[in-house]
Amino acid sequence: MAMDDAPMVGLMGRVTGTIGPGLVGEVIVRVRGGAEHFLAYPAATQDRIERGTVVMVVEYLPPRTVYVTAAYDS
């Protein structure tokens, strides 16, 4: 299965590198029977999402970039 075939939008992940304005963050997402790291940006450009936060993928840009939002209100 190619990366483009995997449904990414709606998947949950965890921030492993802080995401925010001026930062390229990183998330780990369970996909295709494993866990993979993706470069991550905030869906709302002004948001800062700290390490450890559970996020949801709202947009996927192949091959390894996602836009995310915090899955739960803090």
Side-chain angles (χ1 to χ4, degrees):
M1 174 184 285
M3 174 72 85
D4 295 342
D5 297 333
M8 291 290 296
V9 174
L11 292 181
M12 305 293 262
R14 186 169 303 274
V15 176
T16 55
T18 301
I19 301 166
L23 300 173
V24 178
E26 183 182 63
V27 297
I28 189 165
V29 178
R30 289 187 141 318
V31 62
R32 292 183 298 282
E36 298 182 20
H37 288 267
F38 293 86
L39 298 177
Y41 294 93
T45 57
Q46 74 282 1
D47 285 356
R48 182 178 176 93
I49 307 171
E50 300 295 332
R51 255 182 104 199
T53 303
V54 175
V55 293
M56 182 174 62
V57 175
V58 296
E59 187 176 350
Y60 169 57
L61 302 175
R64 309 243 22 111
T65 302
V66 292
Y67 284 80
V68 298
T69 188
Y72 307 105
D73 292 332
S74 353

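- For the atom pair OH (Tyr60) and CZ (Phe38), the distance works out to 5.5 Å, reported to the nearest 0.5 Å.
- His37 and Ile28 get closest at one heavy-atom pair: NE2-CD1, 3.6 Å.
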Open item on the list: Between Glu36 and Arg64, does the salt bridge (Lys or Arg N to Asp or Glu O under 4.0 Å) criterion hold? Intermediate values first, please.
Closed with: CA-CA 9 Å; Glu36 298 182 20; Arg64 309 243 22 111; 3.2 Å; yes
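- At least one side-chain heavy atom of Met8 sits less than 4.5 Å from a side-chain heavy atom of Val66.
- Residues Tyr67 and Val24 are members of one and the same hydrophobic cluster, defined by side-chain heavy-atom contacts under 4.5 angstrom among Ile, Leu, Val, Met, Phe, Trp and Tyr.
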Which atom pairs, donor and acceptor, lie under 3.5 Å between side-chain atoms of residues 41-58 and protein residues at least two apart or in another chain?
{"unit_1": "Arg48", "atom_1": "NE", "unit_2": "Glu50", "atom_2": "OE2", "d": "2.7"}
{"unit_1": "Arg51", "atom_1": "NE", "unit_2": "Thr16", "atom_2": "O", "d": "3.2"}
{"unit_1": "Thr53", "atom_1": "OG1", "unit_2": "Glu50", "atom_2": "O", "d": "2.8"}

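- Between Leu11 and Arg30 the shortest heavy-atom distance is CD1-O, 3.9 Å.
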